[in-house]
Amino acid sequence: MQKIYLVGFMGCGKSLIGRRLSYFLKMPYYDMDQEIVRRQGMSIPEIFERYGEAHFRKIETDFLREFRDEACIISTGGGVAMNAENRKIMRQTGLVFFLDAAFEDIYKRIRNDKNRPIVQSSTKEQLYELYQYRRPFYRQAGHIRVLTENRSVRQILDYIAFQVRRLKGGQ
Ligand code: S3P
């Protein structure tokens with residue numbers, strides 16, 4: 001088990017937790033969306049607009065298939081866990097943590113984000129439906145579910161670090 005993947009809905013804190021976890025566990029950190037933007041030379045909204053969501057999904061799977069063989073932390077995009085092959089790759093190459101946040105908290109963080117095309121094209125009700133639809137897939141993807149509501153970043157980091165030690169120790 002080499003990598004640590006963070007999955008969950010947009011705005012659940014994957015990037016923040018990933019960055020902090022990287023210091024905490026002394027492992028390199030990669031933000032999948034940022035890596036894709038860098039490689040494609042285009043923002044996520046541009047990729048969606050020019051090539052469509054299906055193409056973006058293919059890029060995500062290619063990223064997971066090809067990413068370097070290195071012990072590292074990867075925060076994934078919110079749609080990554082929807083795809084069975086993505087879930088399989090993540091579970092085979094690492095430990096997967098589902099950051100489970102309450103919808104209202106998530107909504108406050110993402111509602112004005114111009115860089116998230118799905119937020120831009122959806123109403124609050126549609127986002128809530130998507131959130132409900134996706135939760136079982138995040139649960140399927142994750143080895144461990146991390147409840148983030150009413151927990152500080154520090155408490156979340158402690159919990160993940162504890163689980164990493166426990167699961168790696170049990171290998
Ligand atoms: C998406 C989430 C985004 C990004 C893209 C699509 C989704 O990542 O990959 O806008 O389908 O939920 P974040 O979860 O980091 O916002």
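Just follow the structure's listing: the first ligand is 1, and inside any ligand the first atom is 1. Throughout, residue positions are numbered sequentially from 1 according to the sequence presented.
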Measuring only between side-chain heavy atoms, which start at C-beta, is [X] closer than 4.5 Å to [Y]?
{"X": "Leu127", "Y": "Tyr107", "value": "yes"}
{"X": "Met42", "Y": "Glu49", "value": "no"}
{"X": "Leu25", "Y": "Ile4", "value": "yes"}
{"X": "Thr76", "Y": "Asn86", "value": "no"}
{"X": "Met90", "Y": "Val80", "value": "yes"}

Which of the atoms of ligand 1 are close to [X], meaning less than 4.0 Å from one of its heavy atoms?
{"X": "Gly79", "answer": "7 (C), 11 (O), 12 (O)"}
{"X": "Ile118", "answer": "7 (C), 11 (O)"}
{"X": "Pro117", "answer": "10 (O)"}

Report the nearest protein non-hydrogen atom to atom 9 (O) of ligand 1: residue, atom name, distance rounded to 0.1 Å.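 So the nearest neighbour among protein heavy atoms is Asp33 OD1, 2.8 Å.
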Shortest protein heavy-atom distance from atom 14 (O) of ligand 1, along with the residue and atom involved: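 Looking at atom 14 (O) of ligand 1, the protein heavy atom closest to it is Lys14 NZ, 2.5 Å.
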If we only consider heavy atoms of Arg57, is any one of them less than 4.0 Å away from an atom in ligand 1?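 True for this residue.
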Pick, from Ile110, Ile44, Val119, the option with the minimum heavy-atom distance to atom 5 (C) of ligand 1.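 Looking at heavy atoms only, the winner is Ile44.
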For [X] and ligand 1, does the shortest N/O to N/O distance drop below 3.5 Å?
{"X": "Arg116", "result": "yes"}
{"X": "Arg134", "result": "yes"}
{"X": "Phe48", "result": "no"}

Have Tyr159 and Gln155 got a donor and an acceptor in their side chains that come within less than 3.5 Å?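 Side chains of Tyr159 and Gln155: no pair found under 3.5 Å.
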Test ring-ring contact (aromatic ring centres under 6.0 Å, His included) applied to Phe56 and Tyr51, Phe63, Phe48, the passing residue: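 Running ring-ring contact (aromatic ring centres under 6.0 Å, His included) over Tyr51, Phe63, Phe48 with Phe56 returns exactly one hit, Phe48.
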